[in-house]
Engineer: 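Here it is, the structure, as structure tokens.
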Amino acid sequence: MPRALITGVTGQDGAYLSQLLLDKGYEVFGLLRRSSSGDVIDERLRWLGIAGRVRMMDGNLLDLSALLRILQEVQPDEVYNLGAQSFVKTSWNQPLLTGQVTAMGAGNMLEAVRLGAPNARFYQASSSEMYGLIQEPVQSEKTPFYPRSPYAVAKLYAHWMTVNYRESFGLHASSGILFNHESPLRGIEFVTRKVTDGAARIKLGLAQELPMGNLDAKRDWGHARDYVQAMWLMLQQDTPDDYVVATGRTVTVRDMCRIAFEHVGLGYEDFVKVDPAFMRPAEVDVLLGDPAKAKAKLGWTAETTLEDMIKEMVEADLARHRARMR
């Protein structure tokens, strides 16, 4: 039975990846940061019905000694580093924390693997936000990076450290440059979930409007359930490498609002209001990924359309609010 260690196991991607690996017969271990909200921290794992099947390990990405202890105990075949301060807006308010967790946390994990589990295969969750002020209209593995937020800068450090450890120490270390990926498990602070939850609340009479930021920003959105499959495929390759994971389609936030509100029989124009408070200090206007390499080398393509994903998210939010209203 292969063993996998996942940091960020209680997040959206960690939950779907845990489900995927358990279905493939893995023994799954998750790094769990101490929190006073421990009673709800595994909510996403419980949503998928797998909370009792993931073995939680007490540790922190900022504590190298804890990471070494965990690697010694688990002896994983695969390590997936998904843990990060991952909300872009927060990174402007907490840039140093973001650097410590998202950048140095990845460095700690790489060093721990090098010292404690050098034969384990390592996956780093890189981000399309690293492209930022895009240098090419379609972004591939060869497109230069131009990060536009403290989060993106931190992710870029983690990305290049992964490349460096692969080339310097021979680790089987790969990075997935994942474009935006969403699901019913997405945090409520992220724009897609904010829209689907807003549409659900307005439909049920729980709210009258939805304040939003830049409606003209364009993103390449896919489903997290599809994207964790790409993560796993990267670590099954003989040679480690970096891959863009995307749908190859970009749409505006405005389009996403239209899809969500149409699903509940409403026109978004009547409820969505632009609020300057939600504008980013430095905007990333357009992101559009080229997944050709992932398709050619991994045999991976995105299976879920944006429309189906948004409808799934709206239905999940409707169900959540109806359950609370009973």
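For this chain, numbers begin at 1 and follow the sequence in order. Since this is a predicted model, take the numbers as computed values, not measurements.
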Engineer: For the pair Glu27 and Arg3, find out whether any cationic side-chain nitrogen is under 4.0 Å from an anionic carboxylate oxygen.
Structural biologist: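 Here Glu27 pairs with Arg3 in a salt bridge, since their nearest N and O are under 4.0 Å apart.
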Engineer: Which atoms form the tightest heavy-atom contact between Leu287 and Tyr131, and what is the distance?
Structural biologist: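 Taking every non-hydrogen atom into account, CD2-CB, 4.1 Å.
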Engineer: Do the charged groups of Glu262 and Lys311 touch, with an N to O distance under 4.0 Å?
Structural biologist: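 No, no charged N to carboxylate O under 4.0 Å.
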Engineer: With side chain to side chain donor-acceptor pair (under 3.5 Å) as the test, would you mind laying out the steps for Asp216 and Thr252 before giving the verdict?
Structural biologist: CA-CA 5 Å; Asp216 296 316; Thr252 64; 5.8 Å; no
Engineer: Would one find more than 12 heavy atoms of other residues, nucleotides or ligands at under 6.0 Å from atom CD of Gln72?
Structural biologist: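 No - once you tally the heavy atoms of other residues, nucleotides and ligands closer than 6.0 Å, there are 12 at most.
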Engineer: Could Glu43 and Arg46 be called an ion pair, given the rule that one side-chain N must be under 4.0 Å from one carboxylate O?
Structural biologist: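 Looking at Arg46 together with Glu43, the answer is no, because their closest N to O distance does not fall below 4.0 Å.
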Engineer: Just by distance, do the side chain of Lys155 and the backbone of Ser86 share a donor-acceptor pair under 3.5 Å?
Structural biologist: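 Side chain of Lys155 to backbone of Ser86: no pair is present.
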Engineer: Do Asp285 and Lys218 sit within salt-bridge range, that is, some charged N less than 4.0 Å from a carboxylate O?
Structural biologist: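 Looking at Asp285 and Lys218, the cut-off is not met.
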Engineer: Indicate yes or no: does Arg249 engage Glu307 in a salt bridge with an N to O separation below 4.0 Å.
Structural biologist: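 Salt bridge between Arg249 and Glu307, a charged N being under 4.0 Å from a carboxylate O: yes.
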Engineer: Taking atom CD1 of Ile259 and atom CH2 of Trp221, what is their separation to the nearest 0.5 Å?
Structural biologist: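 Reported to 0.5 Å precision, the distance equals 9.0 Å.
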Engineer: Would you say Asp275's side chain and Phe278's backbone share a donor-acceptor pair under 3.5 angstrom?
Structural biologist: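 Side chain of Asp275 to backbone of Phe278, a donor-acceptor pair under 3.5 Å: no, none is there.
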Engineer: Taking salt bridge (charged side-chain N to carboxylate O under 4.0 Å, His left out) as the criterion, tell me which of Arg201, Arg193, Arg322 meets it with Asp317.
Structural biologist: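 Option passing the salt bridge (charged side-chain N to carboxylate O under 4.0 Å, His left out) with Asp317: Arg193.
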Engineer: Taking the side chain as every heavy atom from C-beta outward, state whether Glu312 and Pro184 have any atom pair closer than 4.5 Å.
Structural biologist: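 Yes. Closest side-chain heavy atoms under 4.5 Å.
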Engineer: Go through the steps to decide whether Asp238 and His172 satisfy the test side chain to side chain donor-acceptor pair (under 3.5 Å), and finish with yes or no.
Structural biologist: CA-CA 9 Å; Asp238 292 334; His172 192 295; over 6 Å; no
Engineer: So, do Arg166 and Phe122 sit near enough that their side-chain heavy atoms are less than 4.5 Å apart?
Structural biologist: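 Of all side-chain heavy-atom pairs linking Phe122 with Arg166, none is under 4.5 Å.
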Engineer: In the structure I gave you, are the side-chain heavy atoms of Leu97 and Thr102 within less than 4.5 Å of one another anywhere?
Structural biologist: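 A side-chain contact is absent here, since even the closest heavy-atom pair is not under 4.5 Å.
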Engineer: Let me confirm one number: the CG-CG distance from Asp58 to Asp63, rounded to the nearest 0.5 Å.
Structural biologist: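 Rounded to the nearest 0.5 Å, the CG-CG separation comes out at 9.5 Å.
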Engineer: So, the side chain of Thr305 versus the backbone of Asp308: is there a donor-acceptor pair under 3.5 Å, distance only?
Structural biologist: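 Side chain of Thr305 to backbone of Asp308, a donor-acceptor pair under 3.5 Å: yes, one is there.
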Engineer: Given the rule in the ring-ring contact (aromatic ring centres under 6.0 Å, His included) test, do Trp300 and Tyr227 qualify, once you have shown the distances and angles that lead to the verdict?
Structural biologist: CA-CA 9 Å; Trp300 180 89; Tyr227 284 33; 5.4 Å; yes
Engineer: Between Gln229 and Tyr16, does the side chain to side chain donor-acceptor pair (under 3.5 Å) criterion hold? Intermediate values first, please.
Structural biologist: CA-CA 9 Å; Gln229 178 80 18; Tyr16 279 113; over 6 Å; no
Engineer: I need the minimum non-hydrogen distance between Ile6 and Val9, along with the two atoms involved.
Structural biologist: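 The pair with the smallest heavy-atom distance is O-CB, 3.6 Å.
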Engineer: So, does Gln139 use its side chain to make a donor-acceptor pair with the main chain of Pro137 at under 3.5 Å?
Structural biologist: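 Yes: the side chain of Gln139 pairs with the backbone of Pro137.
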Engineer: Enter the distance from Asp290:CG to Phe179:CZ here, rounded to the nearest 0.5 Å.
Structural biologist: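 Answer rounded to 0.5 Å: 8.5 Å.
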Engineer: Does some side-chain heavy atom of His181 sit less than 4.5 Å from a side-chain heavy atom of Asp13?
Structural biologist: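 The answer is yes; the side chains approach within 4.5 Å.
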Engineer: Checking Gln237 side chain against Leu233 main chain: does a donor-acceptor pair fall under 3.5 Å?
Structural biologist: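 Yes, because the side chain of Gln237 sits within donor-acceptor range (under 3.5 Å) of the backbone of Leu233.
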Engineer: Rounded to the nearest 0.5 Å, how far does CG of Leu178 lie from OG of Ser126?
Structural biologist: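 One gets 8.5 Å once the value is rounded to the nearest 0.5 Å.
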Engineer: Is it true that a side-chain atom of Thr162 and a backbone atom of Ser175 form a donor plus acceptor pair closer than 3.5 Å?
Structural biologist: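 No, because the side chain of Thr162 does not come within donor-acceptor range (under 3.5 Å) of the backbone of Ser175.
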Engineer: Can you name the closest pair of heavy atoms from Arg148 and Leu133 and give their distance?
Structural biologist: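 Taking Arg148 first and Leu133 second, the nearest heavy atoms are CG-N, 3.4 Å.
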Engineer: Between Ser183 (side chain) and His223 (backbone), is there a donor-acceptor pair under 3.5 Å?
Structural biologist: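 The answer is no, because no donor-acceptor pair under 3.5 Å joins these two groups.
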Engineer: Would you kindly check if the NZ (Lys) or CZ (Arg) of Lys203 is within the cone defined by 45 degrees around the ring axis of Phe271 and under 6.0 Å from the six-membered ring centre?
Structural biologist: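 Cation-pi check for Lys203 and Phe271: fails.
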Engineer: Is the shortest side-chain heavy-atom distance between Asp77 and Arg121 below 4.5 Å?
Structural biologist: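 No; the side chains remain at least 4.5 Å from each other.
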Engineer: Is the backbone of Ala302 close enough, under 3.5 Å, to the side chain of Asp226 for a donor and an acceptor to pair up by distance?
Structural biologist: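 Such a contact is absent between Asp226 side chain and Ala302 backbone.
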Engineer: So for atom CH2, which belongs to Trp160, do other residues, nucleotides or ligands contribute more than 12 heavy atoms lying within a distance under 6.0 Å?
Structural biologist: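 For Trp160, atom CH2 is not crowded (no more than 12 foreign heavy atoms under 6.0 Å).
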Engineer: Do you know which two heavy atoms are closest between Ala4 and Leu21, and how far apart they sit?
Structural biologist: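 Ala4 and Leu21 have their closest heavy atoms at CB-CD1, 3.6 Å.
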Engineer: May I ask you to check if Arg55 and Phe29 form a cation-pi contact, with NZ or CZ under 6.0 angstrom from the six-membered ring centre and within 45° of the axis?
Structural biologist: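 Checked: cation-pi criterion not met.
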Engineer: Restricting to non-hydrogen atoms, name the atom on Gln19 and the atom on Ile50 that form the minimum distance, rounded to 0.1 Å.
Structural biologist: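 What the structure gives for the nearest pair is N-CD1, 3.5 Å.
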Engineer: Does this structure show an ion pair linking Lys293 with Asp242, if we count only N-O contacts that are shorter than 4.0 Å?
Structural biologist: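 Judged by the 4.0 Å cut-off on N to carboxylate O distance, Lys293 and Asp242 do not form a salt bridge.
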Engineer: Could you tell me whether the side chain of His321 and the main chain of Ala319 form a donor-acceptor pair under 3.5 Å?
Structural biologist: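 Side chain of His321 to backbone of Ala319: no pair is present.
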Engineer: Is Leu235 close to Tyr80 at the side-chain level, that is, under 4.5 Å between some pair of heavy atoms?
Structural biologist: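 Yes, their side chains come closer than 4.5 Å.
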Engineer: Looking at Gly289 and Asp220, what are the two nearest heavy atoms and their distance?
Structural biologist: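 So the two residues come closest at N-OD2, 3.0 Å.
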Engineer: More than 12 non-hydrogen atoms from neighbouring residues, nucleotides or ligands closer than 6.0 Å to OH on Tyr146, yes or no?
Structural biologist: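 No.
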Engineer: In Å and rounded to the nearest 0.5 Å, what is the OG1 to CG distance from Thr192 to Asn180?
Structural biologist: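 The distance works out to 7.5 Å.
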Engineer: Looking at side-chain heavy atoms only, is the closest gap between Val79 and Leu71 below 4.5 Å?
Structural biologist: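 Yes. Closest side-chain heavy atoms under 4.5 Å.
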Engineer: Quick check: does any side chain N or O of Gln94 sit under 3.5 Å from a backbone N or O of Ser91, one acting as donor and the other as acceptor?
Structural biologist: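 Such a contact is absent between Gln94 side chain and Ser91 backbone.
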Engineer: Inspect the contact between Asp197 and Arg320 and indicate whether a charged nitrogen and a carboxylate oxygen are less than 4.0 angstrom apart.
Structural biologist: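 Asp197 and Arg320: not salt-bridged.
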Engineer: Starting from the C-alpha separation in whole Å, work towards a yes-or-no answer on side chain to side chain donor-acceptor pair (under 3.5 Å) for Glu111 and Tyr165.
Structural biologist: CA-CA 8 Å; Glu111 183 68 358; Tyr165 269 66; 2.5 Å; yes
